[in-house]
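Keep in mind the model is a prediction, meaning the values are calculated, not measured.
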Amino acid sequence: ATAADVPVRAAKNAGIPVVNVDRNTQNPPGDTFIATDSEEAARVLGEYVAKVTNGKGVVGVVQGQIGTTPEIARDTGFEKAIANYPDLNTVEKQASKGWHFDEGVSIGQDLLQRNPDINVIFGRADALAMGAAQAIKLANLDHEVLVVGFDGDREGLIAVREGRLSATMTQQTK
């Protein structure tokens, strides 16, 4: 959100109210911030992963942009959930620069090459998760990998229906 600080500061200095959606700025913050409770949603997703894996697994994470509001919240919520399961552990996290499918493919490939025992991948956005699912398909692994995403966008929901993703969390901004 650092890049957004400059225009928010300029708007506030000009007396223009600022409404931030999905990402909040820090210096200065917007006058209003509207977003999904990503921390709680990611916690619920972590509980789902624990249930499906019987609380056992090796987790790789394809992160969103480091330092953004949704990335921080999704990390906090998911890690809180799986902390209750000592045999379900995150072994590596790698950040994307733009939350894109192609980054999900390349990061997914790297995660699997470095940690071949990964059996769960959390893509912090549906595009990242679908990219990781493609990396899994290309890797021709000898075991299944549970892939979950976040956003509940149209393509993510289709991927769940088609079995490419196990789950996604739908954003319901309030």
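By the 4.5 Å heavy-atom criterion applied to side chains, Asn84 and Glu47 are counted as neighbours.
With rounding to the nearest 0.5 Å, the separation of CD1 in Ile107 from CD in Gln94 is 6.0 Å. The distance from atom CG of Leu165 to atom CD1 of Ile158, rounded to the nearest 0.5 Å, is 11.0 Å. If you take OG on Ser38 and CG on Asp151, they are separated by 8.0 Å, rounding to the nearest 0.5 Å. Here the straight-line distance linking atom CD of Gln109 with atom CG of Leu138 works out to 6.0 Å at 0.5 Å rounding. How far OG1 of Thr69 is from CZ of Arg74: 10.0 Å, rounded to the nearest 0.5 Å. Atom CG of Leu157 is separated from atom CD of Glu162 by 11.5 Å, given to the nearest 0.5 angstrom.
Under a cut-off of 6.0 angstrom, the local environment of NZ in Lys93 is crowded, with over 12 non-hydrogen atoms contributed by other residues, nucleotides or ligands. The environment of CD in Glu144 is sparse: at most 12 heavy-atom neighbours from other residues, nucleotides or ligands sit within 6.0 Å.
Heavy-atom minimum distance, Leu112 versus Ala139: CD1-CB, 4.4 Å. Looking at every heavy atom in both residues, Asn119 comes nearest to Lys56 through ND2-O, 4.1 Å. Listed here is the closest heavy atom pair of Gly64 and Ala95: O-CB, 3.8 Å. Residues Gly60 and Leu111 share a closest heavy-atom pair of C-CD1, 4.2 Å. The shortest heavy-atom contact between Ala129 and Val147 is O-CG1, 3.4 Å. Across all their heavy atoms, Trp99 and Arg124 have their closest contact at CZ3-O, 3.5 Å.
In this structure, Ile72 is not a member of the same hydrophobic cluster as Leu128, with clusters built from ILVMFWY side-chain heavy atoms closer than 4.5 Å.
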Pair Glu155-Asp126, side-chain contact (heavy atoms from CB on, under 4.5 Å): steps then yes or no:
CA-CA 8 Å; Glu155 292 302 315; Asp126 286 343; over 6 Å; no
Run the numbers on Ile118 and Glu92 for side-chain contact (heavy atoms from CB on, under 4.5 Å), then give the verdict.
CA-CA 9 Å; Ile118 285 177; Glu92 188 170 355; 5.7 Å; no
Trace of the side-chain contact (heavy atoms from CB on, under 4.5 Å) decision for Glu71 with Gln65
CA-CA 6 Å; Glu71 171 55 36; Gln65 294 168 308; 5.9 Å; no
Just do the side-chain contact (heavy atoms from CB on, under 4.5 Å) check on Thr53 and Asp87 with the steps written out, would you?
CA-CA 10 Å; Thr53 62; Asp87 294 327; over 6 Å; no
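No donor-acceptor pair closer than 3.5 Å links the side chain of Glu39 to the backbone N or O of Thr76. Panel note: side chain Ser96, backbone Gln63; a donor-acceptor pair is recorded below 3.5 Å. Checking side-chain atoms of Glu103 against main-chain N and O of His100 turns up a donor-acceptor pair under 3.5 Å.
Other cluster members for Val44: Leu45, Tyr48, Val49, Val52, Val59, Val61, Phe78, Ile82, Tyr85, Leu88, Val120, Phe122, Leu146, Val148, Phe150, Met169, joined by side-chain heavy-atom distances under 4.5 Å among Ile, Leu, Val, Met, Phe, Trp and Tyr.
Salt-bridge annotation for Asp37 and Arg43: absent, with no side-chain N of the basic residue lying under 4.0 Å from a carboxylate O of the acidic one.
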